[in-house]
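What follows is a set of notes on a single structure, which appears directly below.
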Amino acid sequence: MGDSPPGEPFAVEVHERDGDRVVAVRGELDMTTMPQVQAAVEDVAAGTRLVLDFRRLGFMDSAGVHLLMRLDARARREGFELALVSAPGAVGRLIELCHLDQRITVLSALPGP
Amino acid sequence: MSGPSATPSLRRSARAVPAAVPVLRTAATECLEAAGIGEPLLGAIRIAVSEAVSNAVLHAYEADPGEVELSVEVASGEVRVTVADGGLGLRPRPQSPGAGLGLPIISALATTVELGLGEDGGTSIRMTFHRD
């Protein structure tokens, strides 16, 4: 009956970086935590780039996939750019399984200085 | 009931509310890690458990959530995972939240998937995952 999470606690951090909105998500992304990511990306302006930093995301299920699909559709509709710095392991495999890597730009590292 | 079986196993229930998703996923993770299951199988099973429990939370009950039960058995050649609820069973949900991705993802990750209707009308998802 351990109550310690298997990874680090869930957290969402938002930074502005050279005009990009960088949203770093840590911990585990599921239906209980997805609304916090949603809230961090709601006011992205047209013409900017939204970079989701998933390097420290330890887990994601279809709640995260669904969020990415909605964001991709929004980016195309509202005219902002969406990019993803993906985690290795199961998160990256799920992104590939759902072919999100064919719709969203996947970066190997955070852009900029 | 006695026997020489040393099969690591887990049986755990939770009320079918969103908090059940990380609670049961974490319980499965601890059982699998204790049994020596590592990546990539561990990650695949964790996703499948999360999807199956999320389905029960979103679809099994209407106003008054009942229970969702997770069982995990680690055998020498495979891991067997069942997520069962006592809810309303399989039925169309035109207003369903979610993107309908759960079962396709489970089907892609598991070796076999079996959907069942319980005697009380609930739904069960039985999954097996081959080791190696």
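Each chain gets a letter, A, B and so on, in the order its sequence line appears, and its residues count up from 1. Quick note: numbers below take in every heavy atom, side chains included, and nothing from hydrogens, waters or symmetry partners.
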Inter-residue atom distance [X].[atom1] - [Y].[atom2], 0.5 Å rounding:
{"X": "A:S62", "Y": "B:L103", "atom1": "OG", "atom2": "CG", "result": "10.0 Å"}
{"X": "B:I105", "Y": "A:L94", "atom1": "CD1", "atom2": "CG", "result": "5.0 Å"}
{"X": "A:M31", "Y": "B:S50", "atom1": "CE", "atom2": "OG", "result": "8.0 Å"}

May I ask whether [X] and [Y] are part of the same hydrophobic cluster, defined by side-chain heavy atoms of I, L, V, M, F, W, Y residues being less than 4.5 angstrom apart, directly or through others?
{"X": "A:L71", "Y": "A:V85", "value": "no"}
{"X": "A:L110", "Y": "A:V14", "value": "no"}
{"X": "A:M69", "Y": "A:V25", "value": "yes"}
{"X": "B:V17", "Y": "A:M34", "value": "no"}
{"X": "A:V22", "Y": "A:M60", "value": "no"}

Quick check: closest heavy atoms across [X] and [Y], and the distance to 0.1 Å?
{"X": "B:E51", "Y": "A:D61", "value": "OE2-CB, 3.2 Å"}
{"X": "A:T32", "Y": "B:P18", "value": "CG2-O, 3.2 Å"}
{"X": "A:A90", "Y": "B:G43", "value": "CB-CA, 4.0 Å"}

Of the backbone (N, CA, C, O) and the side chain (C-beta and beyond), which part of B:A48 lies under 4.5 Å from a heavy atom of chain A, both, or neither?
-> neither
Residue B:L109 versus chain A: region with a heavy atom under 4.5 Å = side chain
Is the number of heavy atoms from other residues, nucleotides or ligands under 6.0 Å of B:R126 CZ greater than 12?
-> no
In this structure, are over 12 heavy atoms from other groups packed under 6.0 Å from B:R131 atom CZ?
-> yes
Option in B:A108, B:P40, B:A19 with maximal non-hydrogen atom pairs under 4.5 Å from chain A = B:P40
Region of A:R93 that comes under 4.5 Å of a non-hydrogen atom in chain B | side chain
Other ILVMFWY residues reachable from B:V23 by side-chain steps of under 4.5 Å = none
Does any non-hydrogen side-chain atom of B:P22 lie less than 4.5 Å from one of A:D30?
-> yes
Show your reasoning for whether side chain to side chain contact (heavy atoms under 4.5 Å, CB included) applies to B:I47 and A:F59.
-> CA-CA 8 Å; B:I47 292 170; A:F59 175 83; 3.7 Å; yes
